[in-house]
Colleague: 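Encoded as structure tokens, here's the structure I'll be asking about.
Just so you know, these numbers use all the heavy atoms, side chains as well, and skip hydrogens, waters and symmetry mates. What you are looking at is a predicted structure, and each value in this text was computed from that prediction instead of being measured.
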Amino acid sequence: MKTPLLVFNQNGIYCEQADVYLDPWRPVRDAIITHGHADHSRWGHKNYITHHTNVPIIKHRLGDINVTGKDWNETFTINGVKFSLHPAGHIIGSAQVRVEYKGEVWVFTGDYKTEDDGVSVPYEVVKCHTFITECTFGLPAFKWLPQSEVMSDVNQWWASNKAEGKTSLLFGYSLGKAQRLLKYLDPSIGTIYTHGAIENMTNVLRPMVDFPPTTLVTRETNKNDFPGSLVLAPPSAHGSVWIRRMTPFVTGAASGWMAFRGARKRRAIDKGFVLSDHCDWYALLDSIKATGAEKIITTHGYTEIFSRYLCELGYDARTEKTQYEGEAAEMDAAVTDDKITEESA
């Protein structure tokens, strides 16, 4: 029995023929990185390979690292194995990794979504024999509304709060979600303030995307300027001392988990906006079908339920344990960024 092209071991997803890891969670020599979130791009590898738009992101997060940037669909060969990066549509710079050896093709998606958000490069279908997919929201209960409807609701909510003299405090992960929200916020309503973690990351991305102007919240910001404005902050800022001077405020959060009322209640959020950077149940199924793959490996999310359903559909599906955490890991990244952003105190 031949060794699979990609295997899962204690360090991550490993291609033995090339001696390369994909999104490893322990330090290795050579790592191909799909995107900049904390669970997929970790510190400690000797050499990093990623899409060139992800290079400034992971340098901002990880510091001085040895990283090589690749273009979309650029083939690079390591010991006979052909690799290429293809748009995942998850966040800016997010990629799927195509791996080919002796006519066999595997695709590792990392995290992905199929809706074109107008910020990241849209998801690209990549034909393959084996497809490694996340299923963060792999339940039929998850079905997303179009982004345009959600952002219209966000701006109406902000305008309504302004009419009542309140601050709109909107929470979104500092990398990805915050920039997606910012892109479609209506600056004609009022001033858009940002938490330092979001401001710093957005400044890294401004050369790539046209964002509305923002104002960084500092210790010198006058508390009387907040009413009627919108403050964009990472979820970790909720309940912190940092938000007290923004009173009176109304809180909102953008996440796929906002589809569950219980999630809003547990997080003490006034308004939930269902907006995710991951596929819903239906997009997952459509994506898998489009690849033409017969073998499916589910890596994080509702893996058992989703894999079992795929088997019922006739796929050769199984699960693999990883240290990828979907939106929970994006929360961790926001916490990390908070700790290093002193001007947000």
Colleague: Check for me whether the distance between the ring centres of Trp25 and Tyr324 falls short of 6.0 Å.
Modeller: yes
Colleague: Determine yes or no for a side-chain-to-main-chain donor-acceptor pair under 3.5 angstrom, with Asp116 supplying the side chain and Pro122 the backbone.
Modeller: no
Colleague: Please examine the side chains of Asn161 and Leu230, heavy atoms only from C-beta on, and report whether any two atoms are closer than 4.5 Å.
Modeller: no
Colleague: Are any of the side-chain heavy atoms of Leu185 and Val154 separated by less than 4.5 Å?
Modeller: yes
Colleague: Does one hydrophobic cluster hold both Leu310 and Tyr282, with members joined at side-chain heavy-atom distances below 4.5 Å?
Modeller: yes
Colleague: Does this structure show an ion pair linking Asp280 with Lys143, if we count only N-O contacts that are shorter than 4.0 Å?
Modeller: no
Colleague: Which heavy atom of Ala237 sits nearest to which heavy atom of His195, and what is that distance?
Modeller: CB-CD2, 4.2 Å
Colleague: Under a 3.5 Å cutoff, is there a donor and acceptor pairing between the side chains of Gln323 and Arg26?
Modeller: no
Colleague: How about Asp39 and Arg42: do any of their side-chain heavy atoms sit closer than 4.5 Å?
Modeller: yes
Colleague: Whether the side chain of His129 engages the backbone of Val105 through a donor-acceptor N/O pair (distance < 3.5 Å, no angle test) should be reported.
Modeller: yes
Colleague: Ile91, Leu275: one ILVMFWY side-chain cluster at the under-4.5 Å cut-off?
Modeller: yes
Colleague: Taking only residues two or more places apart in sequence, or in another chain, which ones meet Arg318 in a side chain to side chain donor-acceptor pair (under 3.5 Å)?
Modeller: Glu320
Colleague: Compare every heavy atom of Trp242 with every heavy atom of Val231, then report the nearest pair and how far apart it is.
Modeller: CG1-CH2, 3.7 Å
Colleague: As a test of understanding, state which of Arg180, Lys113, His35, Met208 forms a side chain to side chain contact (heavy atoms under 4.5 Å, CB included) with Ser120.
Modeller: Lys113
Colleague: Using a 3.5 Å distance criterion without hydrogens, assess whether the side chain of Arg98 forms a donor-acceptor pair with backbone atoms of Lys82.
Modeller: no
Colleague: Does a side-chain heavy-atom distance below 4.5 Å link Asp286 with Lys289?
Modeller: no
Colleague: Taking all non-hydrogen atoms of both residues into account, name the closest pair between Pro24 and Ile33 and its distance.
Modeller: CD-CD1, 4.2 Å
Colleague: Rounded at 0.5 Å granularity, tell me how far OG1 in Thr303 sits from CD1 in Ile297.
Modeller: 12.5 Å
Colleague: Which heavy atom in Ile13 sits nearest to a heavy atom in Leu6, and how many Å separate them?
Modeller: CG2-CB, 4.1 Å
Colleague: Less than 4.5 Å apart, any side-chain heavy atom of Asp316 and any of Glu294?
Modeller: no
Colleague: For the ring pair Phe260 and Phe142, is the centre-to-centre distance below 6.0 Å?
Modeller: yes
Colleague: For Gln156 and Trp158, which I'm curious about, is there any donor-acceptor pair between the side chains at under 3.5 Å?
Modeller: no
Colleague: Say whether, by atom type as modelled, one donor and one acceptor occur between the side chain of Glu134 and the main chain of Thr136 under 3.5 angstrom.
Modeller: yes
Colleague: Between Trp144 (side chain only) and His278 (backbone N and O only), is there a donor and an acceptor less than 3.5 Å apart?
Modeller: yes
Colleague: Do other residues, nucleotides or ligands put more than 12 heavy atoms under 6.0 Å from Trp72 CH2?
Modeller: yes
Colleague: Does any non-hydrogen side-chain atom of Arg244 lie less than 4.5 Å from one of Val241?
Modeller: yes
Colleague: Please check if the distance between the ring centroids of Phe249 and Phe226 is under 6.0 Å.
Modeller: no
Colleague: Using the ring pair (Phe, Tyr, Trp, His ring centres under 6.0 Å) definition, which of the options Trp257, Phe306, Trp281 pairs with Phe137?
Modeller: Trp257
Colleague: Hydrogens and angles aside, do Tyr21 and Asn11 bring a side-chain donor and acceptor to less than 3.5 Å of each other?
Modeller: yes
Colleague: Could you tell me whether Asp210 atom CG has more than 12 heavy atoms of other residues or ligands within 6.0 Å of it?
Modeller: no
Colleague: State plainly whether one hydrophobic cluster holds both Leu181 and Ile189, where clusters connect Ile, Leu, Val, Met, Phe, Trp and Tyr through side-chain heavy atoms under 4.5 angstrom apart.
Modeller: yes
Colleague: Should Glu164 and Lys162 count as an ion pair when the cut-off is N to O under 4.0 Å?
Modeller: no
Colleague: Rounded to the nearest 0.5 Å, how far does CG of Leu169 lie from CD1 of Ile269?
Modeller: 8.0 Å
Colleague: Checking His238 side chain against Ala233 main chain: does a donor-acceptor pair fall under 3.5 Å?
Modeller: no
Colleague: Would you indicate whether Glu74, at its atom CD, is surrounded by more than 12 heavy atoms from other residues, nucleotides or ligands within a distance under 6.0 Å?
Modeller: yes
Colleague: Do you know the tightest heavy-atom contact between Thr299 and Thr322?
Modeller: O-OG1, 3.2 Å
Colleague: With hydrophobic residues grouped by side-chain heavy-atom distances under 4.5 Å, do Phe131 and Leu313 end up in a single group?
Modeller: yes
Colleague: Give, for atom OH of Tyr14 and atom CG of Leu5, the distance between the pair rounded to the nearest 0.5 Å.
Modeller: 12.0 Å
Colleague: Judged by modelled atom types alone, do Arg206 and Thr214 share a side-chain donor-acceptor pair under 3.5 Å?
Modeller: yes
Colleague: A quick test of your reading: do over 12 heavy atoms of other residues, nucleotides or ligands sit less than 6.0 Å from NZ of Lys70?
Modeller: yes
Colleague: Out of curiosity, Asp225 CG to Lys223 NZ, how far, rounded to the nearest 0.5 Å?
Modeller: 12.0 Å
Colleague: With side chain to side chain contact (heavy atoms under 4.5 Å, CB included) as the criterion, how do Val217 and Thr194 come out once you've worked through the C-alpha distance, each side chain's angles and the decisive distance to 0.1 Å?
Modeller: CA-CA 6 Å; Val217 176; Thr194 52; over 6 Å; no
Colleague: I need the minimum non-hydrogen distance between Thr133 and Thr109, along with the two atoms involved.
Modeller: CA-OG1, 3.5 Å
Colleague: Is the distance from the ring center of His90 to that of Tyr112 below 6.0 Å?
Modeller: no
Colleague: Decide yes or no on side chain to side chain contact (heavy atoms under 4.5 Å, CB included) for Thr291 and Val126, but give the supporting numbers first.
Modeller: CA-CA 6 Å; Thr291 66; Val126 183; over 6 Å; no
Colleague: For Phe273 and Trp157, run ring pair (Phe, Tyr, Trp, His ring centres under 6.0 Å): C-alpha distance rounded to whole Å, both residues' side-chain angles, the deciding distance at 0.1 Å, then the answer.
Modeller: CA-CA 10 Å; Phe273 300 100; Trp157 169 77; 5.4 Å; yes
Colleague: Out of Gln96, His300, His37, which residue meets the side-chain hydrogen bond (donor to acceptor under 3.5 Å, both in side chains) rule with Asp111?
Modeller: His300
Colleague: Can you check whether Leu182 reaches Ile192 side chain to side chain, under 4.5 Å on heavy atoms?
Modeller: yes
Colleague: Working to the nearest 0.5 Å, report the span between CD1 of Ile58 and NE2 of His40.
Modeller: 13.5 Å
Colleague: For Lys183, is the NZ atom crowded, meaning more than 12 foreign heavy atoms sit under 6.0 Å from it?
Modeller: yes
Colleague: Say whether, by atom type as modelled, one donor and one acceptor occur between the side chain of Tyr315 and the main chain of Ala293 under 3.5 angstrom.
Modeller: no
Colleague: What's the spacing between Leu175 CG and Leu205 CG if we round to 0.5 Å?
Modeller: 7.0 Å
Colleague: Distance alone, cut at 3.5 Å: any donor-acceptor contact between the side chains of Asp186 and Asn155?
Modeller: no
Colleague: Counting only N and O atoms by type, is there a donor-acceptor contact under 3.5 Å from the side chain of Glu124 to the main-chain atoms of Gly89?
Modeller: no
Colleague: Can a donor-acceptor pair be found between the side chains of Ser84 and His86 at a distance below 3.5 Å?
Modeller: yes
Colleague: Do the side chains of Val7 and Glu16 get nearer than 4.5 Å, heavy atoms only?
Modeller: no
Colleague: Going by side chain to side chain contact (heavy atoms under 4.5 Å, CB included), Val97 matches just one of Asp23, Thr50, Ile132, Ile32. Which one?
Modeller: Ile32
